Amino acid sequence: MLESSILEGLNPEQRRAVEITEGPLLVLAGAGSGKTRVLVHRIAYLVGVCGIPPEQILAVTFTNKAAGEMRERVEKLLGPDAHGLWVTTFHSACVRILRRDAGHLGFSRGFAIYDEDDSLSLVKEALRRHGKDPKVEDPRRLRWRIDQWKNKGWLPARAAEAAHDLESEEAADLYATYQRLLVESNALDFGDLILQTTQLFERFPEVLAHYRRRWNYVLVDEYQDTNRVQYELVRQLVSEHTNICVVGDPNQSIYAWRGANVRNIMDFEREYPDTQVVKLERNYRSTRAILEGASQVVANNETSGDLRLQAQREGGEKIRFFEAADDREEAAFVVRQILATIRREARSPRDFAIFYRTNAQSRSFEDEMLRYDVPYTIVGGMRFYERAEVKDALAYLRVALNPADAAALRRIVNAPPRGIGKTTLERADLLAQQHGVTLLEGLHRFAASGEAGRATNPIREFSMLIDDLAREVRTRTPSDAIAHVLQRTGYLKQLEADGTPEAEARLENLRELVSAAEDFSVESADPDSEPRTATELFLDQVALVSDVDGWDRRAERVSLMTVHSAKGLEFPFVYVVGLEEGIFPHAASSRDAAGLEEERRLFYVAMTRAMERLTLACARERRRYGSRTFGVPSRFLREIPESLIEGSLPREQRGAPAGEASLDYEHAQTEYDETGSEIPKGMRVRHAVFGIGTVLDVQGRGPAQKLRIRFDRVGVKTLLLRFANLEPA
């Protein structure tokens, strides 16, 4: 009875993927083909039919939201039998492993998890330790470089071995200092969570043997998006039993910029010679025109694979296309279309999504949404847990639970103001370095030295405050702990006394934080792990929240997001905008064959999010910094058969023979109005090729303006405004 209920509703290919339980299995799952359904039913089949204990199964995906949905669906099929199953993300799984075994690596189990801000703060400190000024050197560039090394699985020693010039040698030295600072703070950054787990398994075979015995079946979702260190982690776990099932689609590999390697899935059969392959080619999401148009585009890639998707939905409209005179008309057209469809077809705002290539493109659409009073949400904008007051409250918890956490201490030592200034903190830090103690202990010693002057009493009061919090928060629920922190520190009192609308908004965010902590529920604990408090587990969850996790699919709002954020989502009505050369495909990628293929896959992902209606839009002219740029329609538009398009493609594209470009894509050039505004010194800007940078110097006026810019990744460049095509960062 249980077997029939688990297999019920699966098509023949899905059923085969569920029933193959032993050995390596590669499930090539096209867009909208039911891959999550296969993973859920495969887990249920292993437990409910094959009798595999749930604690012997590890299922890994990329977002907490996807893991949560998968877990709920498994529990609905299995009920209490699902207890002990790990359905999680790579990072969450590694946190749980390290909480048990980090002591082998010299970390305590109470280590802090550093986010991007904490990491950047530590990079700046590493620069200072090397006698470099973070305001002159670019800490963001170094942080990016360290992150890339960790995605490859490189520790500082390996980075030093690969150094080929003075700059890379200095960067490797800074990486070593950065890692030492992490150890001193008893902290790991996001990249460390997986890297240190692979190091744990490599250096301590008995720990690896424990997890190999524990997980006899490993399932990995979105395998095409794994990077080198994630690939290595999976290989370590399954190299003996090889009961590994990976699910993915080479055509949806879109994260090379963060180290993902499409070859991981393309070469899977070579890595595991006994692999069985199942192809899921029935698309249940999109109409025929949408699916065929997307398939025709991605077929231009050499690495497109051999999936041949077939639409299962009958009927449907052609793909709509609109060429606007400028970006304002583009935004106005899209918003008016959304409003008209809501009224004419009685649809909800949540049925609509607008996708763009870069976050900077959202502004014109937000302006139009506000103008017409259309409710909307930005997916992947500033997350709730990134707000300053929320981070302050959580930093107090972190210091109370881990007094070595220097980044959190620096954040809250003078918030609210208590008379402990920058100079005091620097001198305390110097003492801490000299005596090999924590920054908090350095503050104690500085106050006791008699040299702290007026800061002596504030330091002592702050020390007493942290001692009090350390005693209290461990015995309280997460919501009570946060409420106590806000009251005891005077943080609430300061905001209430302020009385401004901004202060009230910050108070509201803090109330929401308490509510979030109240809603937090502790999942069934891992019997092998060290007992941890609910507040510690809450901090772990907060640290691992991703851009999409906070998005509420049920909210009655139009969703605005980058295409990268849209991965894994679907909407009845989708608008893909900004389809011009240099924007989509992005100029940074379109000069490189591999980069252009990834841009094409990204466009394929954008198109296949649409269920009922897909609208593509471009503009002949855009304004940036008060100047105008003239756009060339994206080459991807020409790759869609004209028979699938409703509305005329740009005149230059119509009738272009296959394989011939009637537009000069490679040499498309941007022109600026002679009255264009200058870019001020100190501004953060984004260049299509060089990335994000800071304007160091400005010479001249108008389009002849010459800019000297320090870019995060490539150093200092001198550019002419006329040809730079810069965006606000």
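Just so we're clear, the structure is a prediction, and the values are computed from it rather than from any experiment.
A distance-only check finds a donor-acceptor pair linking the side chain of Ser463 to the backbone of Ile459 [under 3.5 Å]. A donor-acceptor pair under 3.5 Å is formed between the side chain of Arg212 and the backbone N or O of Gln236. Proximity of a side-chain donor or acceptor of Asn414 to a complementary backbone N or O of Ile420 within less than 3.5 Å is detected. Side-chain N or O atoms of Asp189 include none that pairs as donor or acceptor with a backbone N or O of Glu116 at under 3.5 Å. Judged by distance alone, the side chain of Gln179 and the main-chain N or O of Ala176 form no donor-acceptor pair under 3.5 Å. At least one donor-acceptor pair under 3.5 Å links the side chain of Arg99 to the backbone N or O of Phe111. For the pair Ser185 (side chain) and Ala187 (backbone), a donor-acceptor distance under 3.5 Å is absent.
Using a 4.5 Å heavy-atom threshold, the side chains of Leu394 and Val542 count as touching. Between Phe711 and Thr694, every side-chain heavy-atom pair lies at or beyond the 4.5 Å cut-off. Counting only heavy atoms from C-beta outward, the side chains of Leu127 and Tyr178 never approach each other to under 4.5 Å. With a 4.5 Å cut-off on side-chain heavy atoms, Leu401 and Val473 count as touching. In this structure, the side chains of Arg100 and Arg96 stay at 4.5 Å or more apart for every pair of heavy atoms. Using a 4.5 Å heavy-atom cutoff, the side chains of Leu513 and Leu486 are not in contact. Side-chain contact between Leu58 and Val60: present, with at least one pair of heavy atoms (C-beta onward) separated by less than 4.5 Å. Taking 4.5 Å as the limit, every side-chain heavy atom of Val229 sits out of range of all side-chain heavy atoms of Lys150.
For His104, the ring pair (Phe, Tyr, Trp, His ring centres under 6.0 Å) criterion is met by Phe204, not counting sequence neighbours. Scored by the side-chain hydrogen bond (donor to acceptor under 3.5 Å, both in side chains) test, Glu55 finds no partners at all (sequence neighbours excluded). Legend: residues meeting salt bridge (Lys or Arg N to Asp or Glu O under 4.0 Å) with Arg128, ordered by chain and number and at least two apart, are Glu125. Remark: Arg411 pairs with Asp392 by the side-chain hydrogen bond (donor to acceptor under 3.5 Å, both in side chains) rule, at least two apart or across chains. For Val437, the side chain to side chain contact (heavy atoms under 4.5 Å, CB included) partners are Ala432, His435, Glu441, Arg445, not counting sequence neighbours. Under the salt bridge (Lys or Arg N to Asp or Glu O under 4.0 Å) criterion, Lys132 pairs with Glu170, not counting sequence neighbours. Residues forming a salt bridge (Lys or Arg N to Asp or Glu O under 4.0 Å) with Arg228 (at least two apart in sequence, or on another chain): none. Applying the salt bridge (Lys or Arg N to Asp or Glu O under 4.0 Å) rule to Glu167 yields the partners Arg141, Arg145; only residues at least two apart in sequence or on another chain are considered. With sequence neighbours left out, Tyr175 forms a ring pair (Phe, Tyr, Trp, His ring centres under 6.0 Å) with Trp149. For the ring pair (Phe, Tyr, Trp, His ring centres under 6.0 Å) test, residues two or more places apart in sequence or in another chain that qualify with Phe190 are His91. The side-chain hydrogen bond (donor to acceptor under 3.5 Å, both in side chains) test applied to Thr489 returns no partner, not counting sequence neighbours. Applying the ring pair (Phe, Tyr, Trp, His ring centres under 6.0 Å) criterion to Phe62, with sequence neighbours excluded, gives Phe90.
The pair Arg258-Asp147 does not count as a salt bridge, with every side-chain nitrogen at least 4.0 angstrom from each carboxylate oxygen. Ion pairing between Glu504 and Arg511 holds under the 4.0 Å rule for side-chain N and carboxylate O. Between Glu386 and Lys391 there is no salt bridge, since no side-chain nitrogen of the basic residue lies less than 4.0 Å from a carboxylate oxygen of the acidic one. One finds no salt bridge joining Arg143 and Asp138 here, because no Lys/Arg side-chain nitrogen approaches an Asp/Glu carboxylate oxygen to under 4.0 Å. A salt bridge is absent between Asp697 and Lys706: the closest approach of a Lys/Arg side-chain nitrogen to an acidic carboxylate oxygen does not fall below 4.0 angstrom.
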Query - Step-by-step side-chain contact (heavy atoms from CB on, under 4.5 Å) determination, Leu537 to Phe520 - result: CA-CA 9 Å; Leu537 294 171; Phe520 173 72; 3.8 Å; yes

Query - side-chain contact (heavy atoms from CB on, under 4.5 Å) between Arg488 and Asp468, worked out - result: CA-CA 9 Å; Arg488 177 70 176 81; Asp468 173 72; 3.1 Å; yes

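In this structure, CE in Met683 is found 14.5 Å from CG in Leu696, a value given to the nearest 0.5 Å. One finds the CG atom of Asn402 at 10.5 Å from the CG atom of Leu539 (value rounded to the nearest 0.5 Å).
Between Ser168 and His164, the shortest heavy-atom contact is OG-N, 3.0 Å.
Using cut-offs of 30° and 60° on the angle between ring planes, the pair His564 and Trp257 is perpendicular.
Counting non-hydrogen atoms of other residues, nucleotides and ligands closer than 6.0 Å to CD of Gln487 gives a total of 12 or fewer.
With hydrogens and angles left out, the side-chain atoms of His130 and Thr177 include a donor and acceptor closer than 3.5 Å.
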